[in-house]
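Below is one structure, written out as structure tokens; the observations come after it.
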Amino acid sequence: MALPGYSESKRPHGATFPAPIDLEKLLESGWRPSAFRQFILKINSRCDLSCRYCYIYEMADQSWRSQPRHMAPAIVDHAARRIAAHARLHDLGEIEVILHGGEPLLVGPDLLSYTVKAVRGAADTGTRVHVALQTNAVRMDEAYLRVLDGLGVRVGVSLDGYAEAHDRHRRFANGKGSHTAVASSLRRLAAGPFHHLFSGILCTIDVRNDPVRTYEALIEFDPPAVDFLLPHGNWVTPPPFRDPESTETPYADWLIPIFDRWYGSPREETEVRMFNEIMRLLMGRPSRTEAVGLSPARMVVIETDGSYEQSDILKSAYHGAAATKMHVLRDSLEDVLAHPSMMARQLGVAALSPRCHACDIHTICGGGLYAHRYDDTGGFTNPSVYCPDLYRLIAHIHHRVADDIAKLKGRRDGAPPAPDLR
């Protein structure tokens, strides 16, 4: 069975797909990839910050340099039609479109409005298009919020905690920190008539920052959700303070006090996605994120020039890691869905390394984020470079939740709660 849009020449040194899996045989068995449901539009390829850990500008893939600054209206139109056709073919009742960059607010309100209206206008009446925007919030003034409100676009903001923590990395090109500007924009978003647009905060972890203080600085803005992101790295280029040869767990040690603070405050309405997803998985439910679990990755990126890419987080691995060599002007999303590297991220347990298969929590961890598995010999057929951290964090959450369930069951059965002997 032919695989549209793919040839062996597109697979640099065997890195993009787990070699032991026979895709032809898999397709002949009746397995099919799941339709895309999340479409990331890179409407702008430049940024007004110079964040030290940025995987787009500071890591292995430097393809941003050849991208146009903004997505042209003609590319927007083609992308909108491709997305609509895919949703129609798969009878998708809901899809999510995320406006991304670079910094998406740099396109200005006119192109942003054009993009949202084009995508919604192309979709059939039976498909609901949820649109969100991920921003550093530096330019998010009241006028922009009114535009976003009128378009029904939800807003996620990147914030790394209190001022010292945030400004350690998230700086302007002149070295000045951005916390003051971001905090001002967040107060504008979180208060008054715009709070319904607020989708949450993304926080990249730096283990030098105080964890609980970081968390409390984030929830001051009353976000519906917080995502803690592990800094991107892999076995070739390890993330900060993560020695691949060590069993130490600096990132789990940082996250566990936040989990205990969050889990011990049941009235707190902020969802911490990493913790929620691990708890869902422990309860036997599927994950809703690619960071943990084995649910198929159903996301595709459309770059500023109209090229299709896999998750842009893969840019942290090597130059060209996210590329598919497909384009909205000539290729359908069905062609992209059949690309082996896309299918690799939908295969669940079959795409995990032998080491992962031998682990007792592999269905919870899911091998970790795909980009974090890379090395230059086995490609992505490895455990996450964060393997010890993920194991310790998941084990801690499991013990806390299991203890509470046992105590609750004991009370329901009329027995006294089990003593905590730890």
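All values reported here derive from a predicted model rather than from experimental measurement.
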inquiry  = Please verify the inter-ring angle class for F275 with F259; under 30° counts as parallel, over 60° as perpendicular, anything in between as tilted.
reply    =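 Rings of F275 and F259: perpendicular, as their planes differ by over 60°.
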task = For the pair T324 and E309, evaluate side-chain hydrogen bond (donor to acceptor under 3.5 Å, both in side chains) and give the outcome as yes or no after the intermediate values.
result = CA-CA 6 Å; T324 66; E309 291 196 344; over 6 Å; no
Less than 3.5 Å apart, any donor N or O on the side chain of [X] or [Y] sitting next to an acceptor on the other?
X: Y263; Y: D404; result: yes
X: H166; Y: N209; result: no
X: Y391; Y: D360; result: yes
X: Q134; Y: S158; result: yes
X: H362; Y: H357; result: no
X: N44; Y: H70; result: yes

Determine yes or no for a side-chain-to-main-chain donor-acceptor pair under 3.5 angstrom, with [X] supplying the side chain and [Y] the backbone.
X: D331; Y: H327; answer: yes
X: H90; Y: L92; answer: no
X: T237; Y: N234; answer: no
X: T249; Y: A252; answer: no

Taking only residues two or more places apart in sequence, or in another chain, which ones meet [X] in a side chain to side chain contact (heavy atoms under 4.5 Å, CB included)?
X: T304; answer: K42, S45, Q67, P68, M71
X: C203; answer: D160, T214, L218, F228
X: L281; answer: S287, V292, I364
X: T363; answer: L294

For [X], give me all partners under salt bridge (Lys or Arg N to Asp or Glu O under 4.0 Å), at least two apart in sequence or on another chain.
X: R139; result: D48
X: D222; result: none
X: R69; result: none
X: D243; result: none

Quiz: residues 33-40 side-chain donor-acceptor pairs under 3.5 angstrom, not counting sequence neighbours:
residue : atom : partner : partner atom : Å
R37     : NH1  : E94     : O            : 3.3
Q38     : NE2  : E96     : OE1          : 2.9

Contact list for [range], test salt bridge (Lys or Arg N to Asp or Glu O under 4.0 Å), sequence neighbours left out:
range: residues 386-398; result: R242-D389, D253-R392
range: residues 284-296; result: E271-R288, E277-R288, E290-R345
range: residues 162-187; result: R168-D206

task = Assess the pair Y374 and W235: is the distance between their ring centroids shorter than 6.0 Å?
result =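 Between W235 and Y374, which both carry aromatic rings, the centre distance is not below 6.0 Å.
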key: Cation-pi check, R213 onto Y162 ring (under 6.0 Å, within 45° of axis)   =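 Yes, R213 lies over the aromatic ring of Y162.
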task = For salt bridge (Lys or Arg N to Asp or Glu O under 4.0 Å), just list the numbers for R400 and D260, CA-CA rounded to whole Å, side-chain angles, deciding distance to a tenth of an Å, and then say yes or no.
result = CA-CA 9 Å; R400 284 293 308 268; D260 290 341; 2.9 Å; yes
key: Residues, nucleotides or ligands: over 12 heavy atoms within 6.0 Å of H398 NE2   =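 No.
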